[in-house]
Amino acid sequence: MPIANAWVFTETKFKAEEFLKNTGNMYRLVSQRPYVSKKDPTEKGVTLRLLITKDDTDYGSDKKTGLKRDSNTLNNFDVTILNDKEHINVQKGEYVRLIDFLHEKSFVIGFDVVLRFRDVEKINVQTK
């Protein structure tokens with residue numbers, strides 16, 4: 001007989017270092033909103049929606065069609081920055097870099113990824 005509620009004892013890790021390397025750790029800010037943890041109200045920060053501008057990951061080919069799988073370039077994702085600030089001084093469309101991935105506060109549930117970092121910084125990007 002299987003263990004009931006085995007999910008309590010299992011965990012899935014996000015390979016943050018590989019993700020940051022393959023995407024160049026450079027993302028475009030789409031939006032931001034304040035964040036306060038429901039479990040621990042002293043845990044505050046800002047949740048960012050970011051656009052992936054580059055992805056060098058090889059996702060292989062689709063087994064059914066044989067076509068190369070799309071990368072995550074131009075996809076959005078959410079990340080929470082636990083820096084005790086309600087807002088970061090970055091405007092929509094500007095570029096940021098994520099700093100210090102928090103393994104102990106990040107997790108994966110099914111296909112949902114909850115990513116938490118200690119900080120974020122604005123970076124200047126030359127675009128034509």
For the pair I88 and V120, evaluate side chain to side chain contact (heavy atoms under 4.5 Å, CB included) and give the outcome as yes or no after the intermediate values. CA-CA 8 Å; I88 61 168; V120 62; 3.9 Å; yes
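- Side-chain contact between V46 and R33: absent, with no pair of heavy atoms (C-beta onward) separated by less than 4.5 Å.
- Under a 3.5 Å cut-off, the side chain of T47 and the backbone N or O of I81 do not form any donor-acceptor pair.
- Looking at T65, its side chain does come within 3.5 Å of a backbone N or O of L67 through a donor-acceptor pair.
- A search for salt bridge (charged side-chain N to carboxylate O under 4.0 Å, His left out) contacts involving E86 returns nothing, not counting sequence neighbours.
- At least one side-chain heavy atom of L102 sits under 4.5 Å from a side-chain heavy atom of R118.
- Contact between S71 and Y59 at its shortest, heavy atoms only, is CA-CE1, 3.7 Å.
- No side-chain donor-acceptor contact under 3.5 Å links Q32 to the backbone of Q91.
- Using a 4.5 Å cut-off on side-chain heavy atoms (C-beta onward), D119 and F117 make no contact.
- Using a distance-only test at 3.5 Å, with no hydrogens or angles considered, no donor-acceptor pair links the side chain of E43 to the main chain of D40.
- A single hydrophobic cluster is not seen to contain both F19 and I99; linkage of ILVMFWY side chains at heavy-atom distances under 4.5 Å, directly or through other members, places them apart.
- Both L50 and L20 are members of a single hydrophobic cluster when ILVMFWY side chains are connected at heavy-atom separations under 4.5 Å.
- V36 places a side-chain heavy atom less than 4.5 Å from the side chain of K44.
- For the side chain to side chain contact (heavy atoms under 4.5 Å, CB included) with N72, the qualifying choice from T57, T23, N22, I52 is I52, the only one to do so.
- L29 is listed as a side-chain neighbour of L48, based on a closest heavy-atom distance under 4.5 Å.
- Under a 4.5 Å side-chain heavy-atom criterion applied to ILVMFWY residues, the cluster that includes V30 comprises L51, L74 as well.
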Does V79 form a side chain to side chain contact (heavy atoms under 4.5 Å, CB included) with Y27? I'd like the steps, not just the answer. CA-CA 11 Å; V79 61; Y27 313 97; over 6 Å; no
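- At a threshold of 4.5 Å between non-hydrogen side-chain atoms, the residues N75 and D55 do not count as touching.
- Applying the under-4.5 Å side-chain rule to Ile, Leu, Val, Met, Phe, Trp and Tyr, the cluster around V114 extends to F107, I109.
- Remark: side-chain polar atoms of R28 are not paired, donor with acceptor, to backbone N or O of Y95 under 3.5 angstrom.
- Residues N25 and L98 are in side-chain contact: their nearest non-hydrogen atoms beyond the backbone lie under 4.5 Å apart.
- A donor-acceptor contact shorter than 3.5 Å is absent between the side chain of D62 and the backbone of K68.
- Residues F77 and V113 form no side-chain contact, since every pair of their non-hydrogen atoms from C-beta on lies 4.5 Å or further apart.
- Checking side-chain atoms of R116 against main-chain N and O of K105 turns up a donor-acceptor pair under 3.5 Å.
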